[in-house]
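So that the names make sense, note that chain A is the first sequence line, chain B the second, and so on, each numbered from 1. Side-chain atoms are counted along with the backbone in the values below, which use heavy atoms only and exclude waters and symmetry mates.
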Protein chains: 2
Amino acid sequence: MITTNSEVKAKFLRGFSDKTRLQILESLRESEKTVSQIVETLKGNQSNISQHLACLKGCGIIIGRQEGKYIYYSLRNEEIKQLLDLMQSVFVNVELEVAACEKNDELDCCQSNKEDVANESGGR
Amino acid sequence: MITTNSEVKAKFLRGFSDKTRLQILESLRESEKTVSQIVETLKGNQSNISQHLACLKGCGIIIGRQEGKYIYYSLRNEEIKQLLDLMQSVFVNVELEVAACEKNDELDCCQSNKEDVANESGGR
DNA sequence: AATATATATTAGCAAACACTAATGTGATCT
DNA sequence: AGATCACATTAGTGTTTGCTAATATATATT
């Protein structure tokens, strides 16, 4: 009888399901940063980063505090950091396991890149 | 120096970022199940569930074993279960925190449902 | 007040996603 | 062999997402 609203929970977790957002979170792991620091670190587009930050904030994963013209973003709390750590370690193990046990050496979620894979058959 | 390939990691985590998939995972938490058992539990569409199972399997989150004409799916390992647990508890706390500290009582990730929210102002 | 800096917001677009209905495949049973 | 059951796959469609470029807002500086 766990059953929280799966829809809202999915929205929360969607915050972690993007490459750029994961990079942002990783860069915030050590310390809070301003938007421009993040943009510089990731060598990303300002607008793009800003949107991802809004996403992460909306998901409750990070918080922002204003200081003059800067806005410092940081992970919401210690728990989020723990979650990131566990995600990381579980991921690494799964990756190894998948690579070891199956011919498939790349995680392939959902009905994505079918033709892509077919086309670049000579890859890597 | 954490830096795993964020792209692959994002694919892995995307497995958790959908309502239906979360429900499937929740139903697998207790014990392995056949596709039809899951379909019945979630009162879902067979094709849809089957696709989500393929997704979860591709992400390395679940595994399947065949037994006669049935295929039993289960969580890949204990770690995945732990991750689900932590996701759950972090989510619940964040949800409470967000609900308590801000006027916004619903997590709203990314640039989604702006007009929806505006329209159904009398919702819930 | 004018300008510069830091960040957010908007619009537009292509790609990815989730869903349904229909069809395919493989195992079991008669 | 033919029918049935369990599951997977394909095709089609509308929605959501992530990106870029352009514009807006707010704070700071001169």
Return yes if the base of C:dA8 and the side-chain atoms of A:Gln46 contain a donor-acceptor N/O pair under 3.5 Å, otherwise no. yes

Considering just the side-chain nitrogens and oxygens of B:Asn48, establish if one lies under 4.0 Å of OP1 or OP2 belonging to C:dT20. yes

If the condition is side-chain contact (heavy atoms from CB on, under 4.5 Å), which residues does B:Glu67 pass it with, not counting sequence neighbours? B:Arg65, B:Tyr72

Side-chain-base donor-acceptor pair under 3.5 Å for B:Ser47 and C:dA21: yes

Taking only residues two or more places apart in sequence, or in another chain, which ones meet A:Lys81 in a side-chain contact (heavy atoms from CB on, under 4.5 Å)? A:Arg29, A:Leu75, A:Glu78

For B:Lys19, check salt bridge (charged side-chain N to carboxylate O under 4.0 Å, His left out) against everything at least two apart and list the hits. A:Glu7

With a 4.5 Å cut-off on side-chain heavy atoms, are B:Leu28 and B:Ser74 touching? no

Taking D:dA21, C:dC19, C:dA18 as options, the one with an atom nearest any side-chain atom of A:Asn45 is D:dA21

Helical bend (five base pairs per end, nearest 10°) for the helix from C:dA1-D:dT30 to C:dT30-D:dA1: 20°

So CZ of A:Phe91 and CD of B:Glu79: to nearest 0.5 Å the spacing works out to 12.5 Å

Look at the side-chain N and O atoms of B:Arg21 and state whether any lies under 4.0 Å from the OP1 or OP2 oxygen of C:dA18. yes

My understanding is that only residues two or more places apart in sequence, or in another chain, count here; which of them pass side-chain contact (heavy atoms from CB on, under 4.5 Å) with A:Val94? A:Val90, A:Val98, B:Phe12, B:Arg76, B:Ile80

Please give, in whole Å, the distance from D:dC7 C1' to B:Leu53 CG? 10 Å

Ignoring hydrogens and angles, are the base of D:dT17 and the side chain of A:Gln51 linked by a donor-acceptor pair under 3.5 Å? no

Letter by letter from the 5' end, nucleotides 24-30 of chain D scores (B base, S sugar-phosphate only, - none; protein heavy atoms under 4.0 Å) ---SS--

If you round to the nearest 0.5 Å, how far is NZ of A:Lys57 from CD1 of A:Ile63? 9.5 Å

Between atom NZ in A:Lys19 and atom P in C:dA16, what is the gap in whole Å? 13 Å

Spacing of A:Ile24 atom CD1 relative to D:dC19 atom P, expressed in whole Å: 9 Å

State, with a plain yes or no, whether a side-chain heavy atom of A:Ile62 is found less than 4.5 Å away from one of A:Leu53. yes

Per atom distances to the B:Ser50 side chain, the nearest of D:dC19, D:dA8, D:dA6 is D:dA8

From the options D:dA11, C:dA8, D:dG18, select the nucleotide whose nearest atom is closest to the side chain of A:Tyr73. C:dA8

Tell me whether the side-chain N/O atoms of B:Arg14 come closer than 4.0 Å to OP1 or OP2 in C:dC17. yes

Is the distance from OP1 or OP2 of C:dC17 to the nearest side-chain N or O of B:His52 less than 4.0 Å? no

Expressed in angstrom and rounded to an integer, what is the separation of B:Ile62 atom CD1 from D:dA8 atom C1'? 13 Å

Rounded to the nearest Å, what distance is computed from the CD1 atom of residue B:Ile38 to the C1' atom of nucleotide D:dA6? 13 Å

Sub-3.5 Å donor-acceptor pair from the side chain of A:Arg21 to the main-chain atoms of A:Arg14, do we have one? yes

